[in-house]
Amino acid sequence: MPVAVEDLLRELAPQVLGTLVRRHGAFDACEDAVQEALLAAAVQWPEEGVPENPRGWLLTVATRRLTDQWRSERARRDREAAVALREVPTGDEAPGEDRPGDRDDTLTLLFLCCHPALTPSSQVALTLRAVGGLTTAQIARAFLVPEATMAQRISRAKQRIKATGARFAPPPPAERDERIRAVLHVLYLIFNEGYTASSGPDLQRADLTAEAVRLARAVHGLLPGDGEVTGLLALMLLTDARRPARTGADGLLVPLSEQDRTRWDAGAIAEGARLITDALTWSPPGPYQVQAAIAAVHAEAARPEDTDWPQILALYRLLSHLAPNPMVTLNEAVALAMVHGPRAGLDLLATLDGDERLSEHHRLAAVRAHLLEQAGDTAAARRAYREAARGTTSLPEQRYLEARIARLDGEDHHGNDDANP
């Protein structure tokens with residue numbers, strides 16, 4: 001299938017699904033009908049050309065599939081016939097004809113997929129399936145679980161939404177901000193899993209980061225006046241701009257301070273910087289905006305030594321006030337070390353030692369190892385690097401940490417040779 005057709009189908013899928021769910025309410029049945037319509041389009045459009053109204057074409061075909069499905073269920077014939085008479089286009093309409101008043105229901109569909117009754121992992125899976133248009137097999141591969149396991153997770157999520165009696169409608173005004181934050185959090189989780197895969201042989205999964213950026217653009221298009229929506233899109237663009245330089249020719253992870261910055265995506269940096277600079281002029285700063293501002297400061301530095309670390313430290317302190325959590329403190333410790341020395345950073349890290357949220361996370365040990373190495377305590381740094389390497393399930397990160405250990409071993413060996421010629 002041509003890339004242009006594939007991209008168009010992925011863009012239109014949530015709009016068509018949202019319209020069907022709004023009209024008929026049966027999430028499972030509507031999704032099955034949309035999948036059949038997408039399959040029909042994938043076969044016909046490359047041969048016959050994209051119709052003049054592709055969204056209307058998909059909507060008509062999916063509606064007919066839905067009607068056929070309902071009519072085949074004898075026990076529900078009367079009810080479905082009534083629904084069909086009231087809601088469904090007549091059989092005389094040709095694919096491509098759309099009903100007046102149709103609207104883009106993507107945001108409402110996102111609200112449904114990010115229903116508070118679902119766990120974050122279920123919200124992510126359902127969003128990628130229903131809004132992102134990824135197949136169950138693609139989502140399973142991204143999260144390194146069997147396809148059957150992912151299918152069960154998605155099915156349970158749909159059943160859970162059905163059990164809550166959730167309606168396909170925007171949330172009440174009192175819940176709207178909270179629900180938007182939930183949508184943004186899910187998109188943030190998708191992006192982070194793509195940018196630094198939590199497990200497996202690959203450091204990055206470009207398909208997930210691209211999907212997160214695409215969905216963030218869609219939400220930004222629907223809510224251009226929301227500063228945090230703008231901030232999240234800017235953060236994704238500025239962060240993903242570094243992706244080409246994050247691994248070397250040997251496949252090893254390259255830390256920010258050692259990256260070839262000429263390989264960063266200048267176009268993405270320019271767009272992200274413009275978005276966050278503009279947003280901060282009219283919106284009170286929120287967590288995503290502050291993170292985007294930090295990423296923009298990094299992006300502005302042509303060389304690592306040009307980085308404005310005092311400004312980054314100030315921004316992390318603001319972020320820790322807006323959204324306190326151990327990961328923010330972890331990053332603040334790095335910035336603090338760059339401004340006031342590694343011992344200051346290590347002192348701040350020590351405040352996290354009793355935090356259960358980081359008890360099984362390798363990043364605390366990895367940051368501590370880095371600061372200990374900067375402080376010249378190679379023995380303690382080596383121990384911390386080993387702890388971090390044991391704790392990560394990402395093979396690229398593990399190889400990077402082991403390479404740091406090997407480098408320290410080599411430096412110690414070289415020092416012993418100098419002392420004992």
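Hydrogens, waters and symmetry mates are skipped; everything else that's a heavy atom, side chains included, is used. Positions are given from 1 along the sequence.
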Undergrad: So if I apply the side-chain hydrogen bond (donor to acceptor under 3.5 Å, both in side chains) rule between Y385 and each of H370, R368, E373, E402, which one comes out positive?
TA: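 Of the listed residues H370, R368, E373, E402, the side-chain hydrogen bond (donor to acceptor under 3.5 Å, both in side chains) partner of Y385 is E373.
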Undergrad: Show, in sequence, the C-alpha distance, side-chain angles and deciding distance for R407 and R382, and conclude whether the side chain to side chain contact (heavy atoms under 4.5 Å, CB included) test is met.
TA: CA-CA 10 Å; R407 189 168 81 171; R382 189 184 292 107; over 6 Å; no
Undergrad: Checking side-chain polar atoms at under 3.5 Å, does W57 have a donor or acceptor matched by the opposite partner on N53?
TA: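 Note: W57 and N53 side chains miss the donor-acceptor criterion.
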Undergrad: State the OH-CG distance between Y288 and L322, to the nearest 0.5 angstrom.
TA: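 Taking OH in Y288 and CG in L322, the distance rounds to 12.5 Å.
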Undergrad: Could you walk me through whether S394 and T196 pass side chain to side chain contact (heavy atoms under 4.5 Å, CB included), step by step?
TA: CA-CA 9 Å; S394 166; T196 303; 5.6 Å; no
Undergrad: Is there side-chain contact between Y188 and Q291, with at least one heavy-atom pair below 4.5 Å?
TA: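 The answer is yes, as the side chains (C-beta and beyond) meet within the 4.5 Å cut-off.
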Undergrad: Any side-chain donor-acceptor pair under 3.5 Å between T60 and T63?
TA: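 No, no side-chain donor-acceptor contact under 3.5 Å.
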Undergrad: Search all heavy atoms of L238 against all heavy atoms of A295 and return the closest pair with its distance.
TA: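 The pair with the smallest heavy-atom distance is CB-CB, 3.8 Å.
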Undergrad: Please indicate whether R160 has more than 12 foreign heavy atoms, meaning atoms of other residues, nucleotides or ligands, lying under 6.0 Å from its CZ.
TA: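 Check fails, neighbour count at 12 or below.
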Undergrad: On a heavy-atom basis, which atom in A241 and which in A268 lie closest, and how many Å separate them?
TA: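 Nearest heavy atoms, A241 then A268: CB-CB, 4.0 Å.
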Undergrad: Evaluate the side-chain proximity of R303 to R261: yes if any heavy-atom separation is below 4.5 Å, no if none is.
TA: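 Contact flag for R261/R303 side chains = no.
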Undergrad: Does L9 reach the side chain of E6, with side-chain heavy atoms less than 4.5 Å apart?
TA: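 In short, these two side chains do not touch, never coming nearer than 4.5 Å.
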Undergrad: Counting C-beta onward and ignoring hydrogens, is there a side-chain heavy-atom pair between I154 and L128 closer than 4.5 Å?
TA: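 No - every pair of side-chain heavy atoms lies 4.5 Å or more apart.
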Undergrad: Can you tell me how far apart CD (Q159) and CD (Q152) are? Round to the nearest 0.5 Å.
TA: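 Interatomic distance, Q159 CD to Q152 CD, rounded to 0.5 Å: 12.5 Å.
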Undergrad: Closest heavy-atom contact between I269 and A299?
TA: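 Between these two residues, the closest heavy atoms are CG2-CB, 3.7 Å.
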Undergrad: Do other residues, nucleotides or ligands put more than 12 heavy atoms under 6.0 Å from the NE2 atom of H185?
TA: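 No - once you tally the heavy atoms of other residues, nucleotides and ligands closer than 6.0 Å, there are 12 at most.
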Undergrad: Taking side chain as C-beta onward, heavy atoms only, is V367 less than 4.5 Å from L349?
TA: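 The answer is yes, as the side chains (C-beta and beyond) meet within the 4.5 Å cut-off.
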Undergrad: Tell me whether R176 forms a cation-pi arrangement with F111, defined as NZ or CZ under 6.0 Å from the six-membered ring centre and within 45 degrees of its axis.
TA: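 Here R176 fails the 6.0 Å and 45° test against F111.
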Undergrad: Taking it one step at a time, do E36 and V61 satisfy side chain to side chain contact (heavy atoms under 4.5 Å, CB included)?
TA: CA-CA 8 Å; E36 289 191 38; V61 172; over 6 Å; no
Undergrad: Does the side chain of T239 reach to within under 4.5 Å of the side chain of F191, using non-hydrogen atoms?
TA: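 Yes - at least one pair of side-chain heavy atoms lies under 4.5 Å apart.
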Undergrad: Indicate whether the side chain of T392 and that of E397 have a donor and an acceptor atom separated by less than 3.5 Å.
TA: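 Yes, E397 and T392 have a side-chain donor paired with an acceptor closer than 3.5 Å.
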Undergrad: Decide yes or no for P285 and L280: does some side-chain heavy atom of the first lie under 4.5 Å from some side-chain heavy atom of the second?
TA: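 Counting from C-beta outward, P285 and L280 do come under 4.5 Å.
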Undergrad: Would you mind reporting whether D240 and W264 have side-chain heavy atoms less than 4.5 Å apart?
TA: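 They are not in side-chain contact.
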Undergrad: Side chains of Q259 and R242: any donor to acceptor distance under 3.5 Å?
TA: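 There is no such pair between these side chains.
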Undergrad: Could you tell me if Y316 and Q311 have a donor-acceptor pair between their side chains, going purely by distance under 3.5 Å?
TA: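 Distance-only check fails for Q311 and Y316.
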Undergrad: So with a 6.0 Å cut-off around CD of E258, is the heavy-atom count from everything else above 12?
TA: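 Buried by this count: over 12 neighbours within 6.0 Å.
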Undergrad: Could you go through the side chain to side chain contact (heavy atoms under 4.5 Å, CB included) check for R22 and T108 one step at a time?
TA: CA-CA 9 Å; R22 167 165 53 85; T108 305; over 6 Å; no
